[in-house]
Number of protein chains: 2
Amino acid sequence: MITIGQLAAYAGVTIKAVRHYHKCGLLEEPPRDSSGYRRYTAQHAIALVKIKTLAEAGVPLARIKELLAANAHQFAAAISEIDRNLQERGKELRRTRERIGRLSAGDRLFVATEVAVYLDRLRQLGVSQRGVQIERDGWILLSSTSPKAAAIWFADKLEALDDPEFVALYLECDEAFDWSADDPRLDALAGRVERWFVGRGDGHTGGTQPAADPSIARLIATSTGFSSPAWDQLKQIARERKGRVTKTHRHSA
Amino acid sequence: MITIGQLAAYAGVTIKAVRHYHKCGLLEEPPRDSSGYRRYTAQHAIALVKIKTLAEAGVPLARIKELLAANAHQFAAAISEIDRNLQERGKELRRTRERIGRLSAGDRLFVATEVAVYLDRLRQLGVSQRGVQIERDGWILLSSTSPKAAAIWFADKLEALDDPEFVALYLECDEAFDWSADDPRLDALAGRVERWFVGRGDGHTGGTQPAADPSIARLIATSTGFSSPAWDQLKQIARERKGRVTKTHRHSA
DNA sequence: CTCGAACCTTGACCCGAGGTCAATGTCAAG
DNA sequence: CTTGACATTGACCTCGGGTCAAGGTTCGAG
């Protein structure tokens with residue numbers, strides 16, 4: 001006939017936990033002695049260790065209660081279920097560990113793997129740290145608002161990176177971020193960009209449909225807080241040129 | 001500029017969690033639009049994924065808050081600490097899995113390994129299921145009240161099992177459980193038990209000090225609910241004999 | 001015999017990390 | 001104009017206990 005403290009120590013749980021199990025109806029309340037102390041037997045110790053083992057495995061107390069009342073067959077089935085569960089948690093834990101490991105090693109964690117690869121490629125091509133960050137923020141924003149559109153645009157942009165002229169334009173736009181708004185090079189750059197789009201065959205689209213358009217990503221980027229006078233000017237020139245082209249088209253039509 | 005729902009979906013958390021992080025000061029409150037909706041940027045998404053990753057690793061939110069404010073060095077140190085922690089949890093999980101596996105396979109779980117081995121040995125010697133259970137309960141009770149005494153007695157009893165006469169006596173006592181109280185074999189059995197203890201050299205001790213005395217374990221066992229008229233009678237005879245022996249000693253002294 | 005330490009009793013409140021519900025407001029599309 | 005999806009706040013619920021308060025009990029030493 002042992003006391004609650006001895007029982008708890010034997011099973012490796014706290015006294016409070018034992019009383020909690022009583023309240024939940026998990027562990028039978030033992031008889032009291034003359035002073036009102038609970039007096040336990042070995043059977044209680046066995047039941048308690050069983051409860052503790054299941055509880056440590058993350059089984060909710062309510063479920064443990066059911067299991068203790070179940071027959072051997074049901075119990076065995078539940079055990080193997082719990083074990084599968086535990087195994088799953090082990091795998092999940094390994095995945096978490098991998099992600100945690102990447103946490104201290106940069107920003108690859110925060111975007112889908114393929115985007116991370118793409119960003120690495122940009123860095124290798126010589127894009128500035130700031131440019132890469134703008135891209136990253138753009139893709140995050142885009143894929144949270146419309147994941148499907150993001151996937152399509154992304155595939156298109158990835159393809160464009162195989163075109164040396166596009167890469168050259170991209171790098172120059174990246175540098176242009178720091179130019180002043182009246183830099184004479186901006187006009188030429190805007191022209192080359194326009195010609196590239198026309199040459200690619202989708203320069204005619206209105207602006208919302210087209211695919212690999214760096215200005216779209218940049219547009220998104222501005223809403224994340226990045227902007228530069230030179231880029232604003234670049235966009236301005238592009239709009240004017242497009243207006244002229246549209247007008248010319250109308251004239252010729 | 002995304003809404004709370006889009007942000008939550010991107011990071012893979014619930015809206016409620018995002019607001020919870022705001023309340024805890026973990027994630028900066030973004031500006032509101034004209035209708036009072038929170039409007040997030042990509043920076044928020046990055047911060048949120050970071051928070052989520054740490055939270056999934058079991059890091060308390062208060063600790064995450066500290067980490068986000070810490071410098072890169074402290075952060076990296078904390079990460080490796082967390083990773084070690086995670087690894088430890090993995091090991092613990094494997095241990096739990098092993099114990100869970102044993103749960104459906106009997107009672108080895110509920111007593112220390114060496115006692116489990118001892119109980120198996122009893123079973124092999126032909127001790128009844130009931131007898132083994134009485135022993136198990138006895139050791140549980142004993143090791144919860146006085147673990148040290150239990151260890152000493154246990155070592156002694158294990159040694160006694162190497163004596164064929166002790167084993168024979170044990171088996172006969174085990175069978176005697178079901179005899180009636182006036183069975184004539186009880187007297188002879190009591191005599192053999194007494195002679196064994198005397199021959200072993202500790203028959204002179206008072207009864208509280210001695211070591212491998214099955215009647216002690218049985219005595220404990222009675223307090224767990226097991227008892228039989230034959231065993232009660234056996235104890236009665238033993239007491240009478242001991243009384244006579246003591247008296248004789250006194251006379252000769 | 002008394003003292004203190006260690007043990008036991010009940011009850012009430014507290015914790016993290018959100019979930020749920022209610023009442024209300026707002027947005028976008030048919 | 002309505003409908004359904006989404007947003008806002010606040011209050012209360014959950015689980016598995018921990019902590020505190022305000023006592024009563026037991027045990028061993030002096």
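Computed from a predicted structure; not experimentally measured. A note on names: the letters A, B, ... follow the listed sequences, proteins ahead of strands, and every chain is numbered from 1.
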Is any side-chain heavy atom of A/Arg136 less than 4.5 Å from a side-chain heavy atom of B/Ile46? yes
Is the phosphate of C/dT9 approached by A/Ser35 (side-chain N or O, under 4.0 Å from OP1 or OP2)? no
Does some side-chain heavy atom of A/Leu61 sit less than 4.5 Å from a side-chain heavy atom of A/His20? yes
When the distance from CG of A/Leu54 to P of D/dC15 is rounded to whole Å, what number comes out? 18 Å
Report the distance from atom CE of A/Met1 to atom C1' of C/dC7, rounded to the nearest whole Å. 19 Å
Do you know which of A/Arg95, A/Arg89, A/Arg94 makes salt bridge (charged side-chain N to carboxylate O under 4.0 Å, His left out) with A/Glu92? A/Arg95
Rounded to whole Å, CZ of A/Arg63 lies from C1' of D/dG16 at a distance of 18 Å
For the residue pair B/Arg38 and B/Pro30, establish whether any side-chain heavy-atom pair is separated by less than 4.5 Å. yes
For a quick check of understanding: with a heavy-atom distance under 4.0 Å over all strands, which category does B/Arg32 fall into, base, sugar-phosphate or nothing? sugar-phosphate
Contact pattern, 5' to 3', of nucleotides 1-7 of chain D - B, S or - by protein heavy atom under 4.0 Å: -----BS
To the nearest angstrom, how far is B/His22 atom NE2 from D/dG10 atom C1'? 17 Å
Gap between atoms NZ and C1', on A/Lys23 and D/dT14 respectively (whole Å): 15 Å
Passes salt bridge (Lys or Arg N to Asp or Glu O under 4.0 Å), A/Arg84 versus A/Glu88? Steps please. CA-CA 6 Å; A/Arg84 246 172 296 136; A/Glu88 184 50 47; over 6 Å; no
Determine, for nucleotides 13-24 of chain C in 5'-to-3' order, which nucleotides have protein heavy atoms under 4.0 Å from the base (write B), from only the sugar-phosphate (write S), or from neither (write -). ----BBBB----
Within residues 83-94 of chain B, those residues having any heavy atom closer than 4.0 Å to DNA chain D are none
Which whole-number value in Å describes the distance from B/Asp33 CG to C/dG25 P? 16 Å
Report the residues that fulfil ring pair (Phe, Tyr, Trp, His ring centres under 6.0 Å) with B/Phe154, sequence neighbours left out, ordered by chain and then residue number. B/Tyr118, B/Trp139
Rounded interatomic separation in angstrom, taking CZ from B/Arg39 and P from C/dC27: 8 Å
How about B/Ile51 and B/Val13: do any of their side-chain heavy atoms sit closer than 4.5 Å? no
Any side-chain hydrogen bond (donor to acceptor under 3.5 Å, both in side chains) involving residues 44-60 of chain A? Give me the pairs, sequence neighbours left out, ordered by first then second residue. A/Thr41-A/His44, A/Glu56-B/Arg99
Quick note, salt bridge (Lys or Arg N to Asp or Glu O under 4.0 Å) partners involving residues 17-28 of chain A, not counting sequence neighbours, are none
In terms of side-chain geometry, is the basic nitrogen of B/Arg63 or B/Glu81 positioned less than 4.0 Å from the acidic oxygen of its partner? no
Could you tell me if the side chain of B/Tyr10 sits less than 4.5 Å from the side chain of B/Ile2, heavy atoms only? no
